Number of protein chains: 2
Amino acid sequence: MSEAPTRVRRTAADRRKQLIGIGLRMLTVRPIHQVTVDEVAAEAGISRSLLFHYFPTKQDYYVEVVRAAGRRLLRSAQPGDDARAIVEGYVAFIERRRTQYVGLFRASGLDDWVKEIHDETQDELSVRVMSALGLVEPPEPVVLAVRAWWAFAEELTIEWTGRERTDREALVGLLLSALDNVVLLARDI
Amino acid sequence: MSEAPTRVRRTAADRRKQLIGIGLRMLTVRPIHQVTVDEVAAEAGISRSLLFHYFPTKQDYYVEVVRAAGRRLLRSAQPGDDARAIVEGYVAFIERRRTQYVGLFRASGLDDWVKEIHDETQDELSVRVMSALGLVEPPEPVVLAVRAWWAFAEELTIEWTGRERTDREALVGLLLSALDNVVLLARDI
DNA sequence: CCTCCTATTGAGCGTTGCTCAACAAGGTAC
DNA sequence: GTACCTTGTTGAGCAACGCTCAATAGGAGG
């Protein structure tokens, strides 16, 4: 009987990787609570129960997926003690994985925990940028301003790339100039 | 028997207003899909079924609630052909209803439809600000930049008021200066 | 070939969103 | 005052979904 689809037995690490990969694909299209556990399981060719074996709850699963996406982003926006390099890496990442980024961090359910991961990522980016600008122990307004500037950068980059504008350099230049200006303004408070 | 809690019979408009009011209160604390229909109904002292009579689906209910919050915000940031007045109104609103705003538009589930309402609101704000700055038919980069600047303003205002900083004037000044600069930068592209 | 570890499953429970047919409050007509 | 009729209101019940648990089976090691 070759009907039975030869149940493969994978190692734990393999399965986790596979499941997270599926999440990275599925959860970009529609938000979590519109994606059922059964769907993910079906896509992976396993039973619901097994998913719950690896991720105690649906939230836990989703958190892992979002974390994975966050790590990818941070890897793309490497330190390199140059603000321009960071911003370029960031823009390039969103150009490459726009729908994924939007789906996971924005259009999807921004519950407390997702917001938390998103914040952590943005905080890390802020730290990198401030250190690249030579800002050591900046006053609170500057920290808040840089953090908010990343929100600006996120929004602008997503919309910009959404309109399929190809002049990436113009975008990066605009972002960097705005950053300089914002830091300058916040400093004088 | 005064045991029976005297079932009151309200007009349709009244009930809707009551239910939306409850939503405005409940959905600020935790995101939608953590709030059950039964809870809302219990709070209102009615049966689940009645809620579904007024709002065909839970989403429809939530959308109405978010819409109501959006209208409130727009009312607070009136035109007044002065950019400063608009920004001041915006900041004042978030100072007053911080948790509500955050709960409905950010910490809560940003499904497509909520994102849509949020976008509509921000678009309207962008239009107002651009018209206040005397920008008629601005080029696309300027539109995108102003839109992104609102994301900056939202983030900064929320964090700023979160730290209980009292110098509202400094915040407004910073926001307006950043806006000027961003518009200037985007114009030259 | 036996054994043991663990990846894997199926049956099932509780909650939650949603439907539907029936009930009752209150204004109107006679 | 009573019959009526519009419509606000309810309770029972279904289906989907998240999650649990005891039991099964694949495969590496002796």
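Convention: sequence-line order gives letters A, B, ...; per-chain numbering from 1. Quantities reported herein were computed from a predicted structural model and do not represent experimental measurements. These numbers come from the heavy atoms of this one structure, side chains and all, not from hydrogens, waters or symmetry mates.
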Report task. Assign B:V40 to base, sugar-phosphate, or nothing according to its heavy-atom contacts below 4.0 angstrom with the strands shown. Result -> nothing
Query raised in the report: What nucleic acid atoms does B:Y61 come within less than 4.0 Å of, heavy atoms only: base, sugar-phosphate, or nothing?
Result: nothing
Report task. Please name the residue in the list A:V40, A:V66, A:V35 that meets the side chain to side chain contact (heavy atoms under 4.5 Å, CB included) test with A:L27. Result -> A:V35
Requested in this report: Describe the nucleic acid contact of B:R48 in one word from base, sugar-phosphate, nothing, applying a heavy-atom distance below 4.0 Å.
Outcome: base
Report summary line: From the candidates D:dC19, D:dC17, D:dG8, the one with an atom nearest any side-chain atom of B:Y54 is D:dG8
Report task. Would you mind classifying the nucleic acid contact of A:T57 as base, sugar-phosphate or nothing, using non-hydrogen atoms under 4.0 angstrom? Result -> sugar-phosphate
Query raised in the report: Reckon B:S47 touches a base, only the sugar-phosphate, or nothing at all at heavy-atom distances under 4.0 Å?
Result: base
Requested in this report: Looking at every strand, decide which applies to B:S49 at a 4.0 Å heavy-atom threshold: base, sugar-phosphate, or nothing.
Outcome: base
Query raised in the report: Under 3.5 Å, side chain of B:Y54 to main-chain N/O of B:A13, donor-acceptor pair present?
Result: no
Query raised in the report: With sequence neighbours left out, what residues match B:D123 under salt bridge (charged side-chain N to carboxylate O under 4.0 Å, His left out)?
Result: B:R147
Report task. Measure from CZ on A:R9 to C1' on C:dT8 and round the result to the nearest Å. Result -> 7 Å
**Report entry** Selected nucleotide, minimal atom distance to A:T36 side chain, candidates C:dT16, D:dG18, D:dT9
**Finding:** D:dG18
Query raised in the report: Under 4.0 Å between a side-chain N or O of A:R15 and OP1 or OP2 of C:dT8?
Result: yes
Report summary line: Looking only at D:dG18, D:dG8, C:dG17, the nucleotide nearest the A:D38 side chain is D:dG18
Report summary line: Out of C:dT16, D:dT9, D:dG18, minimum distance to the side chain of B:H53 belongs to D:dT9
Query raised in the report: Hey, does B:F55 reach any base, or is it just sugar-phosphate, or nothing, if we go heavy atoms under 4.0 Å?
Result: nothing
Requested in this report: Show the numbers, then the answer: is there a salt bridge (charged side-chain N to carboxylate O under 4.0 Å, His left out) between B:R84 and B:E169?
Outcome: CA-CA 10 Å; B:R84 173 173 289 270; B:E169 277 318 303; 3.2 Å; yes
